Amino acid sequence: MNWKGYLCAGLLGASTLSALPVFAADTAPSYTRQAQVDTHTITQHKTTIRGHRLNYTAIAGMQPVWNDQGDPIATLQYTYYKKDDVKAPEKRPLLISFNGGPGSASVWMHIAYTGPVVLNVDEEGYPLQPYGVKSNPESVLDVADVVYVNPVNTGFSRVLPDAEGKMPSKEEQQKLFFGVNADVEYLAEWINTFVTRQERWRSPKYLIGESYGTTRVSGLARALQSQQWMYLNGVILVSPTELGIKREGIVEAANRLPYFAATAWHHKKLKPEYQNMALEDFLPQVETFTMEQLLPALSQGGFLASQKKQAIARQMAAYSGLSEKAILRTNLDVSPRFFWKELLREEGKTIGRLDSRYLGLDKQDTGDKPDYNAELSSWLHAFTPAMNDYLVNQLNIKTDLKYNMFGNVYPWDRSDDETGENLRQAMAENPYLNVMVQSGYYDGATNYFDAKYTLWQLDPSGKMKQRLSFKGYRSGHMMYLRKADLKTANQDIREFIQASLPDEHTPAKYAR
């Protein structure tokens, strides 16, 4: 591929994870603080996935976002991994990966989940020194090529000045990039360009998004079909948001209890009758109580009979590890922040928001919320140095730009979020399209029972439920940080992709 404006550095593979750049003897790489509009580097690598040797190529580049006049208005950083020596590329699936935030770089799943390298952490996901990455034996690169995309202002992606060198105003930037629908619109155009350049139009295509990335890919599923005429085989929602499917009030309050129960079980705060159960056997009992008793009780508000209120609080306490008194003081509506502070208060510890296995230390044990998010501090501790080192020393990106783990994309326009409905419509229009949800039981930000609720409400008709599936894991928001779940969750993706590839010559139609 030799596109106009591209600068390509040829690289020779040196080891499983490293490659040696080729420079003239008397030159050195040039560094710049300016975003390169249209450029890439290529490195060659070897790895072992599930016991099988695999050669692959990594393309780390910057690709423009074009306006209607054909001018570049932004440039997005991406990293594209493709397996070498593929005999039938038209049959090789392509997985397009986004993280969330909405201002987060696509770093988390890149170097900790599906990619060919994985973060140096212990078996439960805690940081280890020396920082860095190692080969990922569970990567899905054996069954699909993967591209990780950084939206505007994340990673090295940036808004560009116009021909006169003038940057668009904050209002203009928000209209172009920073909102539910603007985000989907420009990314759909960008994907079209990428697929065309990489000659992947005939390949089966999949989107995977984590957290706010699930809003992004749900909207993209419909936008790609209706605006780019690009049809997908699958969408994977990792720790999903609400996707515009409302669950405020009593539904939101009730849906927290199964997450509370899972977390209390993990921290061994339950009585033996529940603590001695396997988590996967215990949670269905809590879910049934939530739907059949807690939700109707909350619907009665202040008119709930005192005796019934007491009975509900008693059972909530038994499931959540909190005291009956604390629950009654909240009128059965326990906030997550209070739970994170209260569960281990007597031990002088708080628990994490995105992954409640993580512990924090507050200045005071009083109060109704933790001082900080223990899990996020731990993750940034490990991810930031590893990603910066990997980009420079393994992918050969030479720049003085700061890699934005979290970029400035605010204010973000969340109005007119119909991404869940967009995904449903895309599924209805495309009989090949399947959806899988992956959630960690200990995620307190996008809790697993909310994810189930969203999945149930995605298709009210129930006509497509055979194409909707849910997978749960004994970890948090980034379930793949736990070694056991890294293996299981990648295998679930692998099986999802393989199961959603139709047999050759199978028509995309509904039977009567």
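As the structure is a prediction and not an experimental result, all values here were calculated from the model. In this chain, numbering begins with 1 at the start of the sequence shown.
- Looking only at side-chain heavy atoms (C-beta outward), Leu237 and Val437 come within less than 4.5 Å of each other.
- No option in Asp417, Thr454, Thr214 other than Thr214 meets the side-chain hydrogen bond (donor to acceptor under 3.5 Å, both in side chains) test with Thr241.
- Residues Leu433 and Val235 are in side-chain contact: their nearest non-hydrogen atoms beyond the backbone lie under 4.5 Å apart.
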**Prompt:** Please walk me through it: do His40 and Tyr80 pass ring-ring contact (aromatic ring centres under 6.0 Å, His included)?
**Reply:** CA-CA 10 Å; His40 71 268; Tyr80 174 40; over 10 Å; no

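- More than 12 heavy atoms of other residues, nucleotides or ligands lie within 6.0 Å of NZ in Lys170, so this atom counts as buried by the packing criterion.
- Aromatic ring centres of Tyr259 and Phe449: separated by at least 6.0 Å.
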**Message:** Does Glu138 form a side-chain contact (heavy atoms from CB on, under 4.5 Å) with Gln491? I'd like the steps, not just the answer.
**Reply:** CA-CA 8 Å; Glu138 310 303 337; Gln491 182 60 21; over 6 Å; no

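- Separation of atoms CE (Met478) and CG (Leu119) is listed at 8.5 Å; rounding is to 0.5 Å.
- Glu189 and Gln228 form a side-chain donor-acceptor contact under 3.5 Å, judged by distance and modelled atom types alone.
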**Request:** Starting from the C-alpha separation in whole Å, work towards a yes-or-no answer on salt bridge (charged side-chain N to carboxylate O under 4.0 Å, His left out) for Arg216 and Asp183.
**Result:** CA-CA 7 Å; Arg216 180 172 282 138; Asp183 180 70; 2.7 Å; yes

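- Between the side chain of Asn430 and the backbone N or O of Leu232 there is at least one donor-acceptor pair closer than 3.5 Å.
- Classification of Arg197 and Asp38 as a salt-bridged pair holds, one side-chain N sitting under 4.0 Å from a carboxylate O.
- No side-chain donor from either of Tyr78 and Gln63 sits under 3.5 Å from a side-chain acceptor of the other.
- In this structure, Gln34 places its CD atom where only 12 or fewer heavy-atom neighbours from other residues, nucleotides or ligands lie under 6.0 Å away.
- Not a single donor-acceptor pair under 3.5 Å links the side chain of Tyr432 to the backbone N or O of Met427.
- With a 4.5 Å cut-off on side-chain heavy atoms, Met109 and Ile208 count as touching.
- Residues Phe177 and Asn153 form no side-chain contact, since every pair of their non-hydrogen atoms from C-beta on lies 4.5 Å or further apart.
- Ring orientation note: the planes of Phe178 and Trp412 are tilted relative to one another, at an angle of 30° to 60°.
- Side-chain contact check for Val180 versus Asp416: every heavy-atom pair is 4.5 Å or farther apart.
- Side chain to side chain, Asn404 and Thr154 fail the donor-acceptor criterion of an N or O pair below 3.5 Å.
- Between the side chain of Tyr473 and the main chain of Tyr442, no donor-acceptor pair closer than 3.5 Å is present.
- Under the rule for a salt bridge (Lys or Arg N to Asp or Glu O under 4.0 Å), the partners of Lys452 that lie at least two apart in sequence or sit in another chain are Glu287.
- Side-chain contact check for Arg92 and Ser203: no donor-acceptor pair (N or O, by modelled atom type) lies under 3.5 Å.
- By the 30° and 60° cut-offs, the orientation of the rings of Phe406 relative to Trp108 is tilted.
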**Request:** Apply the test side chain to side chain donor-acceptor pair (under 3.5 Å) to residues Asp84 and Thr57: give CA-CA distance (whole Å), side-chain angles for both, the deciding distance (0.1 Å), then the verdict.
**Result:** CA-CA 7 Å; Asp84 294 344; Thr57 299; 2.8 Å; yes

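- Remark: side-chain polar atoms of Ser106 are paired, donor with acceptor, to backbone N or O of Val149 under 3.5 angstrom.
- Salt-bridge check for Arg357 with Glu375: failed, with every basic side-chain N at 4.0 Å or more from each acidic carboxylate O.
- Qualifying side-chain contact (heavy atoms from CB on, under 4.5 Å) partners for Ala88, counting only residues two or more places apart in sequence or in other chains: Glu90, Lys91.
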**Item:** Full working for salt bridge (charged side-chain N to carboxylate O under 4.0 Å, His left out) between Arg482 and Glu124
**Value:** CA-CA 4 Å; Arg482 181 172 176 260; Glu124 290 298 314; 3.7 Å; yes

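- Not counting sequence neighbours, the partners of Asp450 by the side-chain contact (heavy atoms from CB on, under 4.5 Å) test are Arg247, Asn255, Asn447.
- The only member of Arg200, Lys83, Lys205, Lys82 that meets salt bridge (Lys or Arg N to Asp or Glu O under 4.0 Å) when paired with Asp145 is Arg200.
- Formation of a donor-acceptor pair under 3.5 Å by the Tyr56 side chain with backbone atoms of Leu141 is not found in this model.
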**Message:** I'd like to know whether Arg474 forms a salt bridge (charged side-chain N to carboxylate O under 4.0 Å, His left out) with Glu280, so could you lay out the CA-CA distance, the side-chain angles of the two residues, the decisive distance to 0.1 Å, and finally the verdict.
**Reply:** CA-CA 9 Å; Arg474 292 190 183 187; Glu280 291 76 11; 2.7 Å; yes

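- In this structure, a donor-acceptor pair under 3.5 Å is absent between the side chains of Thr419 and Thr215.
- At a cut-off of 3.5 Å, with distance as the only test, a side-chain donor of Glu172 or Ser169 sits close to an acceptor on the other residue.
- In this structure, the side chain of Asp443 engages the main chain of Thr446 through a donor-acceptor pair within 3.5 Å.
- Side chain to side chain, His45 and Thr43 meet the donor-acceptor criterion of an N or O pair below 3.5 Å.
- Checked by atom type, the side-chain pair Ser239/Glu210 shows no donor-acceptor distance below 3.5 Å.
- Counting heavy-atom neighbours within 6.0 Å of Glu123 CD, excluding the residue itself, gives a total of 12 or less.
- Across Met230 and Asn192, no two heavy atoms sit closer than the pair CE-CA, 4.0 Å.
- Legend: ring-ring contact (aromatic ring centres under 6.0 Å, His included) pairs involving residues 476-499, not counting sequence neighbours, sorted by first then second residue: Tyr113-Tyr480.
- With hydrogens and angles ignored, the 3.5 Å screen pairs a side-chain donor or acceptor of Asp355 with a backbone N or O of Gly476.
- Within the 4.5 Å cutoff, side-chain heavy atoms of Leu401 are placed close to those of Arg158.
- Ring geometry for Phe194 versus Trp190: interplanar angle under 30°, hence parallel rather than tilted (30 to 60°).
- Gln438 places a side-chain N or O within donor-acceptor distance of the main-chain N or O of Ala489, the cut-off being under 3.5 Å.
- Contacts of Glu171 classified as salt bridge (Lys or Arg N to Asp or Glu O under 4.0 Å), with partners at least two apart in sequence or in another chain: none.
- Of the inter-residue distances, the one linking Leu220 atom CG with Gln225 atom CD reads 11.5 Å to the nearest 0.5 angstrom.
- Although no hydrogens or angles enter the test, the distance criterion places no donor-acceptor pair under 3.5 Å between the side chain of Asn490 and the main chain of Ser139.
- Environment of CD in Gln174: crowded, with over 12 heavy atoms of neighbouring residues, nucleotides or ligands closer than 6.0 Å.
- Annotation: side chain of Thr75 is in contact with side chain of Leu160 (closest heavy-atom distance under 4.5 Å).
- Tyr126 and Tyr358 have their aromatic ring centers within a separation under 6.0 angstrom.
- Under the 4.5 Å side-chain criterion, counting only non-hydrogen atoms from C-beta, Leu391 is in contact with Tyr403.
- Asp142 pairs by the salt bridge (Lys or Arg N to Asp or Glu O under 4.0 Å) definition with Arg50, Arg494, not counting sequence neighbours.
- Side-chain atoms of Lys398 never come within 3.5 Å of backbone atoms of Asn396 as a donor-acceptor pair (strictly under, hydrogens ignored).
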